[in-house]
Amino acid sequence: MHRVHNFSAGPAALPEAVLDQIRADIPDWNGSGMSVMEVSHRGKDFVQLAAQAERDLRELLAIPDEYAVLFMQGGATLQFAVAPLNLSAAGDTADYVVTGSWGKKAAQEAGRFCKVNVAASSADSNFTNIPDPGSWQLTDGAAYLHYTPNETIGGVEFHTVPECGDVPLVADMSSTILSRPIDVGRFGVIYAGAQKNIGPAGLTVVIVRKDLLERARPEAPSLLQWKVYAESESMTNTPPTFAWYVAALVFRYLKRQGGLAAVGEVNRRKAASLYAAIDASDFYSNPVRPDCRSWMNVPFILGDSALDGRFLAEAQAAGLANLKGHRSVGGMRASIYNATGEDAVQALIDFMRDFEQRCA
Ligand code: PMP
């Protein structure tokens, strides 16, 4: 068997221990004589798995009881619409802080359902920093404030949680959830597509403060109302059972690693060593202001973009996969989520040094 070091931005690497467990479980899951894909989501075994997954996620993130945990579908992109439909009336204003492409898309989609005020944007720096919170133009009585704690394409990450008083803070945590401990109590809503740190594509995790469940527009489709999921243990209709099962295995795995404090420490080290290697070289560079560099997505460019193709081909041949930057920005991007270990990051750094020596 041949496994590469996988730097994909998502769907992303899964822990090998989880893949091994899946392989072992496939023909006969839980002594059922069936795979988990073949059993009813309403059967005792699956209902138990779902409940355990929620308990493990609550433990990992220390989610307070006054929050509901929902397992939905449609990806983070659907939540771009679900957030305004659940938190605003048509004439309300929602504030958006835009620090990259995903926040921009979220604001655009929300604009179909409510008034959107872009309270701050770093578009003029080509999304390489976070505007000083003192400069944000927040709306009095905003329905909510939305931001993207980690912009997956630009590699820009908030390392502190913004203050917004009583206004519910809504965070698209797709590419940073489970990378370290967070204080869930600071948020109104957290949502994340699963396909980076949680599990396979197809599942979306939403953590929502229960008092906010009452704000949904009555005309919103029931499958787009958080409250409907909260009242049905996310079994409103047939959920993505396989993705949910894999997420449950990932949560277990993260607990075995020592939880998010331990995982976060490894992630901090991985990012620090990769940025240090980039900064120490005249050949590679990362454009993001150092205080808002992402721990999860590290974009970098080569001094000579004519070498991009060769870099990628040689990296692939060396077992380092999926390093091509997003099509909108070019260059390279190493996504170093939880399942991409320190060994992978070290292999990348060694390869980058060797390539530089040969080509600079
Ligand atoms: N938000 C962020 C921060 C993302 O990284 C992504 C996907 N890479 C999305 C939203 C869109 O997610 P999905 O494809 O699950 O809708």
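All of these numbers come straight from a predicted model, not from anything done at the bench. First listed ligand is number 1; within each ligand, the first listed atom is number 1.
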Of the protein's non-hydrogen atoms, which lies at the shortest distance from [atom], and what is that distance?
atom: atom 6 (C) of ligand 1; answer: W102 CE2, 3.5 Å
atom: atom 12 (O) of ligand 1; answer: A76 CB, 3.6 Å
atom: atom 1 (N) of ligand 1; answer: D172 OD2, 2.6 Å
atom: atom 8 (N) of ligand 1; answer: K196 NZ, 2.9 Å
atom: atom 15 (O) of ligand 1; answer: Q195 NE2, 2.9 Å

> Where on T77 is there a heavy atom closer than 4.0 Å to ligand 1, on the side chain, on the backbone, on both, or on neither?
Replying inline: both
> For ligand 1, is any non-hydrogen atom under 4.0 Å from N150's backbone (N, CA, C, O), its side chain (CB onward), both, or neither?
Replying inline: backbone
For [X], take its heavy atoms, then give the atoms of ligand 1 lying under 4.0 Å from any of them.
X: F80; answer: 10 (C)
X: S174; answer: 1 (N), 2 (C), 3 (C), 4 (C)
X: G75; answer: 15 (O), 16 (O)
X: T152; answer: 2 (C), 3 (C), 4 (C), 5 (O)

> Can we call the ring centroids of F46 and Y245 under 6.0 Å apart?
Replying inline: no
Before accepting this row, confirm whether a basic side-chain N of the pair [X]/[Y] lies closer than 4.0 Å to the acidic partner's carboxylate O.
X: R293; Y: D279; value: yes
X: E356; Y: R353; value: no
X: E54; Y: R58; value: yes

> Any chain of hydrophobic side-chain contacts (each under 4.5 Å) joining V208 to V205?
Replying inline: no
> Taking atom CG of D166 as the centre, does the number of heavy atoms from other residues, nucleotides or ligands within less than 6.0 Å exceed 12?
Replying inline: no
> Of the options C292, P162, S122, which is the one that meets I130 in a side-chain contact (heavy atoms from CB on, under 4.5 Å)?
Replying inline: C292
> Rounded to the nearest 0.5 Å, how far apart are CZ of F242 and CE of M37?
Replying inline: 5.0 Å
